[in-house]
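Report on one structure; see the data block that follows.
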Amino acid sequence: MKYISLVLTMLFLLASCKKNIGNNGIYVENATELKNAIEQSQPGDNIILSNGIWKNTGITFYGYGTKDKPISISAETPGKVFLEGNSYLHLGGEHLHVSGLYFRNGYSPNSSIIRFMINEDSVANYCRVTNTVIKDFNQPNRYTNDRWIEFYGKHNSFDHNFVSGKSNDGETLRVFFTGNQHINNHHQITHNYFGPRPRKGGPRAETIRIGDSKTRFAPGYVNVSHNYFEACNGEVEIISDKTNFNIFNRNIFYKSEGSLVLRHSNHAKVNGNIFIGGDDSDFYGGIRVVNSGHSITNNYFYKIKGQEFRSPLAIMNGIPMTPLNRYLQVSDVVIANNTWIDCKSPWQIGIGENIESASVLPASEIRSAPPIRSIVTNNLIYNTRIDKSPVINHSEMNGIKFHNNVIDNNGETYSEFNVLKNGNLKMKKVNEWLYIPADINDPILSDTYIGNDVPLIETDLFGSRRKDKNRIGAINQLSSAEEFVIDKNKYGPDWFSPKNVTHEPKIIKATATKGDLVP
């Protein structure tokens, strides 16, 4: 009898050790254990999900950790915990961390896969989702609208994640501003890989949307930086910024058929982003400017061939007395120290002008207000082939001051509009997409405009100082540019490499049977 008791005691101790593995680590193997662990969690606890497939698992993660002792949910082995079927993760509370999950082979039964809110009374603040993958986690019907990631609350972070393959209706990631508890939010969206999204046609296929027309006056302070966007072709707007004071810093847009659009925003800072296109598509876009107070600096554009709304630089006309959901006049914008290489008609001013339609459209649709009180200065355009129209004026541009902008149009003098100085530059091709001035001290590059209407730009595209000597274009120093290499492994989880992802087209066989093509 004593022997049996001893064995039972040992088994109980072993089971207990499996459930609580020390250092506040709580090991769980199913949804019931996970739910109980969340309900009993305390600051500093780490709930560890066992390796394997978690089918139809809705994780409602509610709790209150602290800055020094967050409550965490993490994978036993990052990338070995698979959320499949009807699964999701919704967070509410403060200082909650989630890491190492892999969403695949399913879809969320709710409006989102990851949401920083459980309900209106359980909003997430100071919470983080990291080191996680969402891949092809689509609704069965492509017309069903959902978002994969929904931001609410304040000071939440989505970083070092891999997100790819959304094909149904709805934004990939959206930041909501539905009340005072969601504005001035300072959310961080950084170091993520946003992978291919197929063309949808029409709206609601942005990769990132921040706010909407009804929140266009709300302050956001959202930071979208150091992300990699590849083949994000859902619609004309890859990023749609619709609130104020947001930052878009050092992102890479690789062969993505759309633009970073300052749609309803004001006072955005767009700095150090790289847009890489090619000859294989006329839909690769750059930056579209609407509204007021933006600073657009140190950006680099290579073979961006989009026209009008997808132009490398599209400065729009606005609508006088515009409705909330239309276009405010561009004003007080600074566009300085950017570089365009082999782009097609890189500067397009007055995009959307449609005065000729005044007889058939209501006044609320007539984009007749040209940009005002803005400056375009110290920029560089370089072409290896002659571009007959590097600047297109769709309306009027008397409200823009142009200072010390340089063009090398493959030896052909360009003089229309008197907004560019002609130069004969020696450029060094560093790699497939990067051209840098071979002589950074070329006098024409050193002749920069300095004025109170241009803020101090402290560094260049690659982080080199501009303070001592500023040059025209996005690149101020050769050594840092020559050393720069795009490493896709720097984006997303450390256990999942975007380099390993192949994008093969799916072949779907259909017959003449009625209904065979219906989703």
Side-chain angles (χ1 to χ4, degrees), residues 116-117 123 125 147 149-158 171 173-190 203 206-227 237-251 259-273 286-299 313-336 351-352 367 369 371-375 399 453-457:
F116 289 90
M117 182 177 73
V123 174
N125 297 296
R147 274 79 51 186
I149 304 103
E150 293 183 346
F151 271 84
Y152 292 88
K154 297 184 179 183
H155 296 283
N156 295 314
S157 175
F158 186 80
E171 308 90 342
L173 184 155
R174 182 168 170 181
V175 181
F176 284 86
F177 290 76
T178 53
N180 288 338
Q181 62 181 328
H182 308 292
I183 66 173
N184 284 306
N185 55 57
H186 297 272
H187 294 316
Q188 303 293 311
I189 303 167
T190 64
E206 302 99 325
T207 295
I208 295 178
R209 175 176 165 185
I210 304 174
D212 58 35
S213 60
K214 295 184 291 296
T215 63
R216 67 186 302 167
F217 299 113
Y221 299 99
V222 179
N223 178 30
V224 181
S225 297
H226 299 280
N227 300 288
E237 300 183 11
I238 301 169
I239 297 178
S240 186
D241 183 16
K242 300 183 178 184
T243 58
N244 302 312
F245 306 109
N246 299 320
I247 297 170
F248 305 92
N249 186 45
R250 302 193 186 281
N251 302 287
S259 300
L260 192 171
V261 180
L262 307 176
R263 181 64 177 86
H264 292 307
S265 67
N266 296 286
H267 303 286
K269 293 183 179 180
V270 184
N271 178 71
N273 301 281
I287 297 172
R288 176 150 50 104
V289 185
V290 194
N291 289 27
S292 178
H294 307 303
S295 173
I296 301 170
T297 58
N298 286 327
N299 300 286
L313 174 65
I315 301 178
M316 289 202 63
N317 262 24
I319 299 172
M321 303 298 290
T322 180
L324 280 178
N325 65 338
R326 303 313 292 153
Y327 294 89
L328 189 68
Q329 184 178 30
V330 171
S331 66
D332 306 292
V333 171
V334 174
I335 300 170
I351 292 292
R367 295 184 287 265
I372 57 173
R373 299 194 307 272
S374 296
I375 184 168
D453 45 0
V454 178
L456 175 65
I457 305 172

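Keep in mind it's a predicted model, so treat the numbers as computed, not measured.
Pairing each heavy atom of Ala218 with each of Ile183, the nearest pair is CB-CG2, 4.1 Å. Nearest heavy atom pair, residue Val330 against residue Ser374, reads CG1-OG, 4.2 Å. Of all heavy-atom pairs between His264 and Leu324, the closest is CE1-O, 3.4 Å. Nearest heavy-atom pair across Ser292 and Asp332 is OG-OD2, 3.8 Å.
Note: Arg326 CZ to Arg263 CZ = 6.0 Å, rounded to the nearest 0.5 Å. Here the straight-line distance linking atom CD1 of Ile210 with atom CD of Glu171 works out to 11.5 Å at 0.5 Å rounding. Taking CG of Leu260 as the start and CG of Asn251 as the end, the distance is 7.5 Å to the nearest 0.5 Å.
Judged purely by atom type and a 3.5 angstrom limit, His226 has no side-chain atom pairing as donor or acceptor with the backbone of Thr190. Remark: the backbone N or O of Asn266 is not paired with any side-chain donor or acceptor of Asn291 at under 3.5 angstrom. Between the side chain of Asn227 and the backbone N or O of Ser225 there is at least one donor-acceptor pair closer than 3.5 Å. Looking only at distances, no side-chain donor or acceptor of Asn317 sits under 3.5 Å from a matching main-chain atom of Ile351.
Electrostatic pairing of Glu237 and Arg209 does not count as a salt bridge here, judged by no charged N lying under 4.0 Å from a carboxylate O.
Ring geometry, Tyr152 versus Phe176: the interplanar angle falls under 30°, so the pair is classed parallel (tilted spans 30 to 60°).
For the side chain to side chain contact (heavy atoms under 4.5 Å, CB included) criterion with Ile335, the lone passing option out of Val454, Thr297, Ile315 is Ile315.
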Show the numbers, then the answer: is there a side-chain contact (heavy atoms from CB on, under 4.5 Å) between Val222 and Phe151?
CA-CA 11 Å; Val222 179; Phe151 271 84; over 6 Å; no
